Asks: 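Pasting a structure below so you can have a look.
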Amino acid sequence: MPKTDTIADQAVALTANRSGNTVTVTGPSSFNLPVDSGATRFNFTLTDNTGGLDVKFQSLDREDNCSTCPPASGDNSRQIGGVSMNNNQTPKKAAFTDNNSNNAKDGPLDVCFQWNFTCNDPDVTVEPYDPIITNGGETR
């Protein structure tokens, strides 16, 4: 099956919940992009159930060929790009595109990423969300 030239959309719902002075953001723990499926736009929505802490997307760390989280800090990925964040909506939104363009003949490529968050209370720690994407890659 040849690689598709359209970009698929993947909706990802995240939820922020508070326990004491810690906020945990939860969502799916992994994603799998099949061989020759092409690029996928991951669209994240954050529902904030923290009672007014105003949890927001702050930054995205990402790293190719990484099978454990967290990834190295910053942009260390040729697979993930097109990062956007919109913290002025309800729910808050963020997105990126995974190119899924690694050489499938080399086998699957794990790409880990970590969304980092902030909130309006400096005494509260917001834990990151850090799953892994398994890229099937492309054969052409």
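These numbers were taken from a predicted model, which means no experiment stands behind them.
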Asks: Does the side chain of E138 come within less than 4.5 Å of N103's, by heavy atoms?
Replies: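 They are not in side-chain contact.
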Asks: For residues G137 and N100, report the shortest heavy-atom separation together with the two atoms involved.
Replies: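 Nearest heavy atoms, G137 then N100: N-OD1, 2.7 Å.
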Asks: Please check if the distance between the ring centroids of F117 and Y129 is under 6.0 Å.
Replies: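 Aromatic pair excluded; centres sit 6.0 Å or further apart.
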Asks: How long is the straight-line distance from CD1 of I133 back to CZ of R62, given to the nearest 0.5 Å?
Replies: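 The CD1 atom of I133 is 11.0 Å from CZ of R62, to the nearest 0.5 Å.
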Asks: Out of T47, T15, L14, which one pairs with P91 under the side chain to side chain contact (heavy atoms under 4.5 Å, CB included) rule?
Replies: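 When side chain to side chain contact (heavy atoms under 4.5 Å, CB included) is applied between P91 and each of T47, T15, L14, only T47 qualifies.
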Asks: Could you check if a side-chain atom of R41 sits within less than 4.5 angstrom of a side-chain atom of S84, using non-hydrogen atoms only?
Replies: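 R41 vs S84: side chains touch.
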Asks: Are the side chains of V12 and T45 in touch, meaning some heavy atoms are under 4.5 Å apart?
Replies: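 V12 vs T45: side chains apart.
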Asks: Please check this pair: side chain of D64 against backbone of R78, looking for a donor-acceptor N/O pair closer than 3.5 Å.
Replies: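 Yes, because the side chain of D64 sits within donor-acceptor range (under 3.5 Å) of the backbone of R78.
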Asks: Consider only side-chain heavy atoms of I, L, V, M, F, W and Y, link residues closer than 4.5 Å, and tell whether F31 and I132 are in one cluster.
Replies: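 No, F31 does not connect to I132 through the hydrophobic network.
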Asks: Shortest non-hydrogen contact from P108 to N102?
Replies: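 Distance-wise, the nearest heavy atoms are C-ND2, 4.4 Å.
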Asks: Looking only at heavy atoms, what is the nearest atom pair of I80 and L60, with distance?
Replies: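 Scanning both residues, the minimum pair turns out to be CG2-CD2, 4.1 Å.
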Asks: Which distance, rounded to the nearest 0.5 Å, do you find between the OG1 of T40 and the CD1 of I7?
Replies: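 Rounded to the nearest 0.5 Å, the OG1-CD1 separation comes out at 8.5 Å.
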Asks: Any side-chain heavy atom of N43 sitting closer than 4.5 Å to one from D9?
Replies: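 The answer is yes; the side chains approach within 4.5 Å.
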Asks: What closest approach, in Å, do P28 and P131 show between heavy atoms, and which atom pair accounts for it?
Replies: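 Minimum heavy-atom separation between P28 and P131: O-CB, 3.7 Å.
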Asks: For the atom pair OG (S77) and CG (D98), what is the distance rounded to the nearest 0.5 Å?
Replies: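 It comes to 7.0 Å.
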Asks: Over 60° means perpendicular and under 30° means parallel, so classify the ring planes of F42 and F113, tilted if in between.
Replies: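 Tilted.
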Asks: Show your reasoning for whether side-chain hydrogen bond (donor to acceptor under 3.5 Å, both in side chains) applies to T24 and N17.
Replies: CA-CA 5 Å; T24 304; N17 292 297; over 6 Å; no
Asks: Output yes when a side-chain donor or acceptor of D48 lies under 3.5 Å from a complementary backbone atom of V55, and no otherwise.
Replies: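 Yes, because the side chain of D48 sits within donor-acceptor range (under 3.5 Å) of the backbone of V55.
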Asks: The test is side-chain contact (heavy atoms from CB on, under 4.5 Å); show your working for L53 and N120 and say whether it passes.
Replies: CA-CA 5 Å; L53 287 178; N120 62 12; 3.8 Å; yes
Asks: Please determine whether side-chain hydrogen bond (donor to acceptor under 3.5 Å, both in side chains) holds for the pair S59 and N116, giving the CA-CA distance in whole Å, both sets of side-chain angles, and the decisive distance to 0.1 Å.
Replies: CA-CA 5 Å; S59 63; N116 302 300; 3.0 Å; yes
Asks: D110 and N65: side-chain hydrogen bond (donor to acceptor under 3.5 Å, both in side chains), yes or no, with the steps?
Replies: CA-CA 5 Å; D110 285 340; N65 204 25; over 6 Å; no
Asks: Rounded to the nearest 0.5 Å, how far apart are CD of Q58 and CH2 of W115?
Replies: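 Going from CD on Q58 over to CH2 on W115, the span is 11.5 Å.
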Asks: Salt bridge between K92 and D54, side-chain N to carboxylate O under 4.0 Å?
Replies: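 Between D54 and K92 there is a salt bridge, with a charged N closer than 4.0 Å to a carboxylate O.
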Asks: Starting from M85, can I reach V126 by hopping between I/L/V/M/F/W/Y residues whose side chains sit under 4.5 Å apart?
Replies: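 Linked within one cluster.
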Asks: Roughly how far apart are K105 NZ and T139 OG1, rounded to 0.5 Å?
Replies: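 Rounded to the nearest 0.5 Å, the NZ-OG1 separation comes to 7.0 Å.
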Asks: What pair of heavy atoms forms the shortest contact from N76 to S73, and how long is it?
Replies: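 Result for this residue pair: ND2-O, 3.1 Å.
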Asks: For Q79 versus S101, what's the shortest heavy-atom pair and its separation?
Replies: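 Minimum heavy-atom contact is OE1-N, 2.9 Å.
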Asks: Within this structure, what is the OG1-CD distance for the pair T68 and E63, rounded to the nearest 0.5 Å?
Replies: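 These two atoms lie 8.0 Å from each other.
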